[in-house]
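No hydrogens, no waters, no symmetry mates; every other heavy atom, side chains included, goes into these values. Here is the naming used below: chain letters follow the sequence lines, and residue numbers restart at 1 for every chain. Source: prediction; values computed, not measured.
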Amino acid sequence: NAGVTQTPKFQVLKTGQSMTLQCAQDMNHEYMSWYRQDPGMGLRLIHYSVGAGITDQGEVPNGYNVSRSTTEDFPLRLLSAAPSQTSVYFCASNSPGNTIYFGEGSWLTVV
Amino acid sequence: DAKTTQPPSMDCAEGRAANLPCNHSTISGNEYVYWYRQIHSQGPQYIIHGLKNNETNEMASLIITEDRKSSTLILPHATLRDTAVYYCIVRSAHGSSNTGKLIFGQGTTLQVKP
C-alpha cells in the first residue's frame, strides 16, 4: 500500500513547454485533487475529481487541465508553462467523509 | 466552508505542551474542525479532527469550545520533530459539499526549541 504517489518529484521546464504531473493512489479512493503551494503560503486547490470521468475546477484552475479515466490516476497537465506556475504541487485523495491523504509533492520550476 | 484564523507563529520548549489556537466563528453545524501539519514542505499530514466533543489520539488532543467558534490543538509533550506549520481547517464531512476540498489558510508555524 503506497498511498498517494506523485511523479516526477522535481522538474524544470522552459516557458511555453507542456508537461504532465502524474498522481496515483492505491486506496480505491473516489475523490482526488490537486493543490499548489507557493513559498510561505498555504495550499490552494487547482482541480478535483469525485470519481472517474468527473472533474471540476478549484480556486486556481487557469493554465491546468485534468482528466480522470480511472479511479487510481489523476494526472495534471500544464498546457503552456509560465514562470508563475513555479510551485510545489500536491496530489490528494480520500473516500467520502474520510481523511484526506496527500502525496509527497512535485517541485516544478519554470524558467 | 468556514474560514479560520490562526496566529502566524508560536514557540514551545521541548517537552512542554504546545497549545495551538484556532478561531472559526462562522462554522456551521455540519462542519468539522480538522488539523493538519506540514513539515519541511512535505505533503500535509493529518493529525486529528472533531465536531463538537473533545478528541484525543496518539498524536494530539483537540479541544473545541461549547459554542464551536474556536478550538485548540494540544501536543502534550512537544519534540523537535513537531516543528512544522499547523493548519486548522473546517469542512463538511458528509453530504454533497464534501468533495475532498480543503481551504488552507497560512497556518501557524510552531517552533519547538531545545
Side-chain angles (χ1 to χ4, degrees), chain A residues 2-7 9-10 21 23 25 27 29-51 54-61 66 68 71 74 86-108, chain B residues 1-9 20 22 24 29-51 55 57-60 62 73 84-111:
Chain A
V4 180
T5 304
Q6 294 182 229
T7 56
K9 195 168 181 65
F10 300 98
L21 298 176
C23 176
Q25 53 92 8
M27 298 173 281
H29 286 167
E30 293 180 40
Y31 298 162
M32 296 186 74
S33 49
W34 276 102
Y35 294 81
R36 62 176 285 175
Q37 185 174 33
D38 299 326
M41 305 292 289
L43 281 71
R44 292 183 293 169
L45 182 66
I46 304 172
H47 285 286
Y48 64 98
S49 169
V50 299
I54 306 170
T55 64
D56 205 347
Q57 297 180 349
E59 298 174 74
V60 288
V66 292
R68 185 96 179 271
T71 300
F74 191 44
T86 293
S87 192
V88 184
Y89 292 84
F90 292 99
C91 180
S93 75
N94 68 296
S95 292
N98 289 332
T99 301
I100 297 174
Y101 294 94
F102 287 83
E104 288 303 308
S106 295
W107 273 252
L108 176 67
Chain B
D1 290 335
K3 291 190 176 179
T4 63
T5 303
Q6 299 176 252
S9 63
L20 291 89
C22 179
H24 31 79
N30 67 344
E31 287 182 318
Y32 285 65
V33 179
Y34 276 75
W35 284 84
Y36 282 77
R37 72 180 182 184
Q38 191 175 25
I39 300 173
H40 295 309
S41 293
Q42 296 176 15
Q45 176 190 23
Y46 166 79
I47 301 173
I48 198 168
H49 76 281
L51 182 63
E55 301 288 344
N57 63 19
E58 65 279 4
M59 290 182 67
L62 174 61
L73 177 73
V85 179
Y86 288 77
Y87 295 100
C88 169
I89 300 163
V90 294
R91 74 172 177 116
S92 297
H94 301 286
S96 61
S97 60
N98 173 38
T99 56
K101 294 187 289 185
L102 294 177
I103 306 298
F104 286 82
Q106 295 198 14
T108 295
T109 299
L110 175 68
Q111 182 72 49

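- At a threshold of 4.5 Å between non-hydrogen side-chain atoms, the residues B:Val90 and B:Thr4 count as touching.
- Heavy atoms of B:Gln38 lying under 4.5 Å from chain A belong exclusively to its side chain.
- Closest of all the heavy-atom pairs between B:Gln6 and B:Gly107 is OE1-CA, 3.5 Å.
- Across all their heavy atoms, A:Tyr35 and A:Ala92 have their closest contact at CE1-CB, 4.3 Å.
- In this structure, the portion of A:Glu59 lying under 4.5 Å from any heavy atom of chain B is its side chain and not its backbone.
- At a 4.5 Å heavy-atom cutoff, the contact between A:Gln37 and chain B is made by side-chain atoms alone.
- The aromatic rings of B:Tyr36 and B:Tyr34 sit parallel to each other, their planes meeting at less than 30°, with 60° as the upper class boundary.
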